[in-house]
Amino acid sequence: MGLFSFKKKKPIIGLTLSGGGMRGIAHIAVLKALEEYDLKPHIISGTSAGSIVAAFYSFGKTPDEMIEIVKETTFFSRSYLRLSKNGIFSSSFILKLFNDHFPEDDFKVLKIPLYVATTEMTQGIVDFFSEGPLFQPLLASSSVPFIFPPIKMGDKIYVDGGVLDNLPIGPIIDKCDFLIGSHVNSISYEELKHMSLMKEFDRILHLAIAKSVYSKAKSCNIFLDPPKMTKFSLFSKKNLDIMFQEVYEYTCTELEEKGYKKVTNIQDPS
């Protein structure tokens, strides 16, 4: 034995969060479980709701703090209805959320590197943002077509990153040693009897992009895909606590089955 002993270097963990509207809240449950199993990410990419969750987490909000923010925030209220040719809702409530919780409109306030996926409409490509102003890229990444108006930055027009890339592993896959993907849009096939217009929109959207998501899932060391997620609304906080608990328990079970053990005594979420 030499005079010195060296600890094995811990792997750089990357995390990619999918879009999913209000179902993006489920990513918070995933983050809570990952922390408890010593899998806290060192670099994150996200799209749409996943990019917003990632930004709050990267800034330093804990999963418990984030779920409290969700419970205190009003989403998709009638006061934000606009019914214009560019979208049903104004995105001003999302911007207010950012202004209320981030001290500055800049990626530099984030403690964990973040890559935000957007769909650039003019050229039909995915654009990633990781520096400079933070709020507009997050708004762009979350601008679900027909629901929110597109976001113009310079001479380019942006909409929801999930349209072209709902599991944006690309910008971080070569920057980490271990990649975790979290997808919150698995389709429930038990809800076809009474399908509202919004449910129909949700289903068509995620059927269209599912193939690309699952092809990228093969590149993840761990791919978390809690079942029957479309039973939860894309636009409502209804059953928030049930969704959070189900996804937390699913994630813990998946990690246990892969041989990971809890390293904290944090209580399960209520």
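Predicted, not measured: the structure shown is a model, and the values here were computed from it.
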request  = Spell out, as yes or no, whether a donor-acceptor pair under 3.5 Å connects the side chain of Asp105 to the backbone of Leu134.
outcome  = yes
inquiry  = So which atom in Gly162 and which in Asn166 form the shortest heavy-atom distance, rounded to 0.1 Å?
reply    = CA-OD1, 3.5 Å
ask   = Looking at residues at least two apart in the chain, or sitting in another chain, which of them share a ring-ring contact (aromatic ring centres under 6.0 Å, His included) with Phe98?
value = Phe135
query = With sequence neighbours left out, what residues match Lys108 under salt bridge (charged side-chain N to carboxylate O under 4.0 Å, His left out)?
reply = Glu104
Ile13 backbone acceptor or donor facing His42 side chain under 3.5 Å = yes
query = Going through the distances and angles, do Asp160 and Ser48 end up as a side-chain hydrogen bond (donor to acceptor under 3.5 Å, both in side chains)?
reply = CA-CA 6 Å; Asp160 195 307; Ser48 199; 2.7 Å; yes
ask   = Is the closest basic N to carboxylate O distance between Lys262 and Glu36 below 4.0 Å?
value = yes
ask   = Is Glu246 close to Pro226 at the side-chain level, that is, under 4.5 Å between some pair of heavy atoms?
value = no
remark   = With sequence neighbours left out, the residues meeting salt bridge (charged side-chain N to carboxylate O under 4.0 Å, His left out) with Glu257 are none
task = Check whether more than 12 heavy atoms from other residues, nucleotides or ligands sit under 6.0 Å from atom NZ of Lys175, and answer yes or no.
result = yes
task = Answer whether the closest heavy-atom distance between the side chains of His27 and Val184 falls below 4.5 Å.
result = yes
inquiry  = I'd like to check the ring-ring contact (aromatic ring centres under 6.0 Å, His included) partners of Phe56; sequence neighbours left out, ordered by chain and number.
reply    = His101, Phe102
query = So, the side chain of Ser58 versus the backbone of Leu114: is there a donor-acceptor pair under 3.5 Å, distance only?
reply = no
inquiry  = Grouping I, L, V, M, F, W and Y whenever their side-chain heavy atoms are under 4.5 Å apart, do Leu95 and Phe129 come out in a common cluster?
reply    = yes
request  = For Ser45, enumerate each residue passing the side-chain hydrogen bond (donor to acceptor under 3.5 Å, both in side chains) test, keeping only those at least two apart in sequence or located in another chain.
outcome  = Thr16
request  = Give the cluster check for Val247 versus Met22: same hydrophobic cluster or not, with ILVMFWY residues linked at side-chain heavy-atom distances below 4.5 Å.
outcome  = yes
message = So that I can tick it off, tell me whether Glu68 and Lys61 are bridged by a salt bridge, with the cut-off set at under 4.0 angstrom between side-chain N and carboxylate O.
response = no
query = Please, which pairs that meet salt bridge (Lys or Arg N to Asp or Glu O under 4.0 Å) have at least one residue in residues 131-149, sequence neighbours excluded?
reply = none
request  = Examine Ile12 and Phe178 and state if one hydrophobic cluster contains both, with Ile, Leu, Val, Met, Phe, Trp and Tyr joined whenever side-chain heavy atoms are less than 4.5 Å apart.
outcome  = no
note = So CG of Leu17 and CD1 of Ile52: to nearest 0.5 Å the spacing works out to 11.5 Å
query = Where is the tightest heavy-atom contact between Pro103 and Val109, given as atom of each residue plus distance?
reply = CG-CG1, 4.2 Å
message = Do Val116 and Phe128 make a side-chain contact, defined as non-hydrogen atoms from C-beta onward lying under 4.5 Å apart?
response = no
ask   = Should Phe59 and Ile43 be regarded as members of a common hydrophobic cluster, given that ILVMFWY residues are connected when their side-chain heavy atoms come within less than 4.5 Å of each other, either directly or indirectly?
value = no
ask   = So do Ser186 and Tyr214 actually touch side chain to side chain, heavy atoms under 4.5 Å?
value = yes
task = Verify the neighbour count for atom NZ of Lys111: are there more than 12 heavy atoms of other residues, nucleotides or ligands below 6.0 Å?
result = yes
request  = Provide the closest heavy-atom pair for Val53 versus Gly24 in the form atom of the first, atom of the second, distance.
outcome  = CG2-O, 3.5 Å
request  = Quick one: closest heavy-atom pair of Phe148 and Ser142, and the distance?
outcome  = CD1-O, 3.4 Å
request  = Go through the structure and list residues passing side-chain hydrogen bond (donor to acceptor under 3.5 Å, both in side chains) with Glu256, not counting sequence neighbours.
outcome  = Tyr37
ask   = Under the side chain to side chain contact (heavy atoms under 4.5 Å, CB included) criterion, do Ile67 and Leu240 qualify, and how do the steps go?
value = CA-CA 9 Å; Ile67 202 66; Leu240 162 64; 4.0 Å; yes
key: Heavy-atom pair with the smallest gap, counting every atom of Ser182 and Val30   = OG-CG2, 3.6 Å
message = Under a 3.5 Å distance rule, please check whether Ser141 uses its side chain to pair with a backbone N or O of Pro137 as donor and acceptor.
response = no
query = Just wondering, do Thr253 and Tyr248 contact through their side chains at under 4.5 Å, heavy atoms?
reply = no
task = Determine yes or no for a side-chain-to-main-chain donor-acceptor pair under 3.5 angstrom, with Arg23 supplying the side chain and Asn185 the backbone.
result = no
request  = Using atom types as modelled and distance alone, determine if a side-chain donor or acceptor of Tyr250 lies under 3.5 Å from a backbone N or O of Asp225.
outcome  = yes
message = Quick check for you: to the nearest 0.5 Å, what is the distance between Ile222 atom CD1 and Leu255 atom CG?
response = 5.5 Å
task = Hey, could you give me the CD1/NZ distance between Ile25 and Lys71, rounded to the nearest 0.5 Å?
result = 10.0 Å
Which residues share a side-chain hydrogen bond (donor to acceptor under 3.5 Å, both in side chains) with Lys216, sequence neighbours left out = Asp165
ask   = Does the side chain of Pro113 come within less than 4.5 Å of Ile44's, by heavy atoms?
value = no
inquiry  = Rounded at 0.5 Å granularity, tell me how far CD1 in Ile172 sits from CD1 in Ile180.
reply    = 9.5 Å
ask   = Shared ILVMFWY cluster between Val144 and Val163, side chains joined below 4.5 angstrom?
value = no
ask   = Is the backbone N or O of Glu65 less than 3.5 Å from a side-chain atom of Thr62, with the two atoms forming a donor-acceptor pair by type?
value = yes
query = Hey, does the side chain of Ser215 reach the backbone of Ser212 with a donor-acceptor pair shorter than 3.5 angstrom?
reply = yes
inquiry  = Restricting to salt bridge (charged side-chain N to carboxylate O under 4.0 Å, His left out), what partner residues turn up for Asp177, sequence neighbours left out?
reply    = none
message = Going by side chain to side chain donor-acceptor pair (under 3.5 Å), Tyr158 matches just one of Asp127, Thr122, Thr119, Thr118. Which one?
response = Asp127
inquiry  = When you compare the side chain of Tyr115 with that of Pro168, does any pair of heavy atoms fall below 4.5 Å?
reply    = no
query = What pairs with Phe107 under ring-ring contact (aromatic ring centres under 6.0 Å, His included), at least two apart in sequence or on another chain?
reply = none
inquiry  = Assess the residue pair Met121 and Lys156 against the criterion (side chain to side chain contact (heavy atoms under 4.5 Å, CB included)); give the C-alpha distance rounded to whole Å, side-chain angles, the decisive distance to 0.1 Å, and a yes or no.
reply    = CA-CA 7 Å; Met121 291 283 282; Lys156 295 182 177 181; over 6 Å; no
inquiry  = If I compare all heavy atoms of Val159 with all of Pro150, which pair ends up nearest, and what's the gap?
reply    = CG1-CB, 3.9 Å
task = Answer yes or no: is there a side-chain heavy-atom contact under 4.5 Å between Ile169 and Leu167?
result = yes
note = Across all chains, not counting sequence neighbours, the salt bridge (charged side-chain N to carboxylate O under 4.0 Å, His left out) partners of Glu254 are none
ask   = Distance from Ile69 atom CD1 to Asp100 atom CG, nearest 0.5 Å?
value = 9.5 Å
key: Residue pair Thr73, Phe93: steps toward the side chain to side chain contact (heavy atoms under 4.5 Å, CB included) verdict   = CA-CA 9 Å; Thr73 302; Phe93 69 88; 5.6 Å; no
task = Could you tell me which residues satisfy side-chain hydrogen bond (donor to acceptor under 3.5 Å, both in side chains) with Asn221, sequence neighbours excluded, listed by chain and number?
result = none
